[in-house]
*Asks:* 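Attaching a single structure in structure tokens format; questions to follow.
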Number of protein chains: 2
Amino acid sequence: MADTDTDAGSTDTGGTDTGSTDAGAGAKTPRERYRTQVRAEIKERAWEQIATAGASALSLNAIAKRMGMSGPALYRYYAGRDELITELIRDAYRSLADTFRAASASASGADLAALAHALRGWALEDPQRYFLIYGTPVPGYHAPDDVTAIASEIMATLLDACAAMPSGSGSGGDSPETSTATEFGAHIEDLGRQWAAGHPAPPAALQRALTFWTRLHGVLSLELAGHFTGMGFDPALLFAAELDDVRAR
Amino acid sequence: MADTDTDAGSTDTGGTDTGSTDAGAGAKTPRERYRTQVRAEIKERAWEQIATAGASALSLNAIAKRMGMSGPALYRYYAGRDELITELIRDAYRSLADTFRAASASASGADLAALAHALRGWALEDPQRYFLIYGTPVPGYHAPDDVTAIASEIMATLLDACAAMPSGSGSGGDSPETSTATEFGAHIEDLGRQWAAGHPAPPAALQRALTFWTRLHGVLSLELAGHFTGMGFDPALLFAAELDDVRAR
DNA sequence: ACGTTTCAGTTAGAGGCTATCACTCAAGTT
DNA sequence: AACTTGAGTGATAGCCTCTAACTGAAACGT
């Protein structure tokens with residue numbers, strides 16, 4: 001379902017038919033089966049290529065040749081390079097969202113450590129996939145709405161975990177700035193009413209989610225980009241330290 | 001015979017000085033003057049192109065046309081696209097190093113806030129330049145030694161600022177984990193002897209420099225990549241909050 | 001002042017890429 | 001059996017990087 005037939009270009013035909021038959025849920029015509037199968041293989045090859053040479057080196061032509069067919073054939077399946085990359089981005093977000101959700105569910109209650117561990121594992125599993133989401137943005141590009149929807153799904157999972165946490169948990173006593181003592185805390189509280197619509201998370205949770213995100217991304221992205229090589233320390237420990245700091249906030 | 005080949009690049013070239021002729025310091029032959037001038041203009045156009053379309057869209061051909069000459073002419077000045085990009089990366093690092101050093105010098109003593117402010121200003125000035133350094137890495141690419149040398153120069157400036165800081169400054173009393181209480185702190189202290197050779201910075205300073213780097217990069221890179229758009233809060237305040245947190249560590 | 005060398009810039013071209021078009025031909029449909 | 005759909009093809013245009021052979025002018029040595 002939801003295939004929506006990309007090839008619009010010529011031969012519209014869109015017409016559609018009127019009722020023809022099946023339309024049921026699972027059953028597909030053999031051609032549809034074949035089509036989705038080929039689309040899947042294209043993406044598979046694309047991921048291989050991205051993992052080894054980066055997204056900028058992704059070539060439809062090379063994929064086609066590796067699949068035994070000739071260049072333009074791929075345009076039956078994807079309108080162009082951009083559409084394929086967008087689909088890969090979508091899949092990457094989807095994969096991260098699922099990983100996150102699974103980690104959140106498996107952990108008793110909601111544990112930031114579980115989320116962080118899942119995030120790091122997911123990133124190390126395929127660094128280029130991480131960079132497809134969080135790497136250098138292409139100036140012109142704007143992700144379609146459904147992709148940003150998945151992004152907020154990820155954020156929602158994180159927010160839930162933060163909201164389900166004892167507010168000032170950490171280190172027994174009082175950290176000097178627990179909630180709205182900081183300027184940023186006040187700022188967050190200000191727009192707490194208008195933002196986070198749909199998310200019943202208190203401002204403190206939002207703030208913690210934000211620092212979780214930015215700090216772990218900071219360590220992770222520099223690690224994956226190799227900026228720590230030659231320094232001799234273990235990035236995993238730095239990651240863990242940042243995680244602890246966020247949890248004990 | 002044999003005129004070409006041996007192309008340009010081999011070795012030096014870039015060098016600004018190294019007068020082939022005797023001539024002492026500044027004087028260059030007119031051809032050398034012209035050469036460096038053209039090289040500079042090429043880089044100028046390249047920066048324009050990168051700022052608007054990103055590094056992956058950089059085209060030697062387009063640059064040449066915009067300069068009124070025809071494609072292959074540029075290969076007299078740069079051995080290829082990769083060499084040009086490497087030079088741009090070098091310049092970006094150089095620019096950041098200078099900005100950092102200037103901020104460090106102008107501020108009385110060494111102020112992390114001054115460094116942070118300089119960093120953020122530098123990044124916002126040309127986001128694509130920031131991403132050229134800290135963005136998605138190209139799997140095959142490895143920066144030449146002189147570039148990584150500039151990178152450690154930047155780190156050295158940061159380390160100096162951290163070392164010149166009162167160790168447990170922050171919030172009057174005692175933050176729960178001041179120095180080696182954390183696992184990572186101990187880890188850093190472990191290799192403090194072997195690493196940081198040449199930098200007389202104590203482990204605590206190194207640790208602070210690391211968190212300065214990763215946290216501010218975390219906020220900055222997500223902001224520049226547009227991942228905060230639609231959330232309604234002011235990234236500058238989040239940046240400032242993270243800075244404060246690092247300083248009061 | 002006159003060769004000689006050096007080098008910027010040119011055109012031509014190989015090879016790769018994205019993408020479009022017209023076409024074939026087999027698989028599904030009626 | 002006739003018809004319709006669509007997967008795959010080759011040809012083509014236009015962009016790119018980069019190489020090769022050549023032209024012509026500026027710089028240099030004597």
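Below, all heavy atoms of this structure are taken into account, side chains as well, without hydrogens, waters or symmetry copies. None of the values given here were measured: they were computed from a predicted structure. Protein chains get the first letters and strands the later ones, always in sequence-line order, with residue 1 at the start of each.
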*Asks:* Figure out the OH/C1' separation between B/Tyr77 and C/dC7, and round it to whole Å.
*Replies:* 9 Å

*Asks:* Could you tell me whether the side chain of B/Leu58 reaches within less than 4.5 Å of the side chain of B/Leu84, counting heavy atoms only?
*Replies:* yes

*Asks:* CD1 of A/Ile42 versus C1' of D/dG8: gap in Å, rounded?
*Replies:* 12 Å

*Asks:* Taking for each residue the nucleotide of DNA chain D with the nearest heavy atom, is it B/Leu58 or B/Pro30 whose nucleotide lies nearer the 5' end?
*Replies:* B/Leu58

*Asks:* Please give, in whole Å, the distance from D/dA7 P to A/Arg39 CZ?
*Replies:* 11 Å

*Asks:* Using distance alone, with no hydrogens and no angle criterion, decide if B/Tyr134 and A/Ser221 have a side-chain donor and acceptor under 3.5 Å apart.
*Replies:* no

*Asks:* How close or far is atom P of D/dT19 from atom CG of B/Leu60, stated in whole angstroms?
*Replies:* 11 Å

*Asks:* What nucleotide among D/dC28, D/dG10, C/dA12 has an atom nearest to a side-chain atom of B/Pro72?
*Replies:* C/dA12

*Asks:* Could you please name the option among D/dA27, D/dT9, D/dC18 that lies closest to any side-chain atom of B/Arg81?
*Replies:* D/dC18

*Asks:* One thing to verify: whether A/Glu32 and A/Arg39 come together as a salt bridge, which I'm taking to mean a side-chain N less than 4.0 angstrom from a carboxylate O.
*Replies:* no

*Asks:* In whole Å, I'd like the distance from the OH atom of A/Tyr78 to the C1' atom of C/dA19.
*Replies:* 17 Å

*Asks:* Does B/Arg35 make a side-chain N or O approach to OP1 or OP2 of C/dA8 shorter than 4.0 Å?
*Replies:* yes

*Asks:* Grab the CG-C1' distance between A/Leu74 and D/dG10 for me, whole Å please.
*Replies:* 15 Å

*Asks:* When rounded to the nearest 0.5 angstrom, what is the spacing between CD1 in B/Ile133 and OG1 in A/Thr136?
*Replies:* 11.5 Å

*Asks:* For B/Arg31 and B/Val38, take the nucleotide of DNA chain C holding the closest heavy atom to each; which residue's nucleotide lies nearer the 5' end?
*Replies:* B/Arg31

*Asks:* For A/Tyr34 and C/dA26, what is the distance between atoms OH and P respectively, to the nearest whole Å?
*Replies:* 14 Å

*Asks:* For A/Asn61 and for B/Met69, locate the closest nucleotide of DNA chain C by heavy-atom distance; then report the residue assigned to the nucleotide nearer the 5' terminus.
*Replies:* B/Met69

*Asks:* Decide yes or no for A/Arg129 and A/Trp47: does some side-chain heavy atom of the first lie under 4.5 Å from some side-chain heavy atom of the second?
*Replies:* yes

*Asks:* Nearest to the side chain of A/Tyr75 - D/dG8, D/dA7, C/dT20?
*Replies:* C/dT20

*Asks:* Closest to the B/Ser59 side chain: C/dT20, C/dC17, D/dT17?
*Replies:* D/dT17

*Asks:* Between the base of D/dG8 and the side chain of A/Arg76, is one N or O donor paired with an acceptor at under 3.5 angstrom?
*Replies:* yes

*Asks:* Taking CD from B/Glu83 and C1' from D/dC18, how many angstroms apart are they, rounded to a whole number?
*Replies:* 13 Å

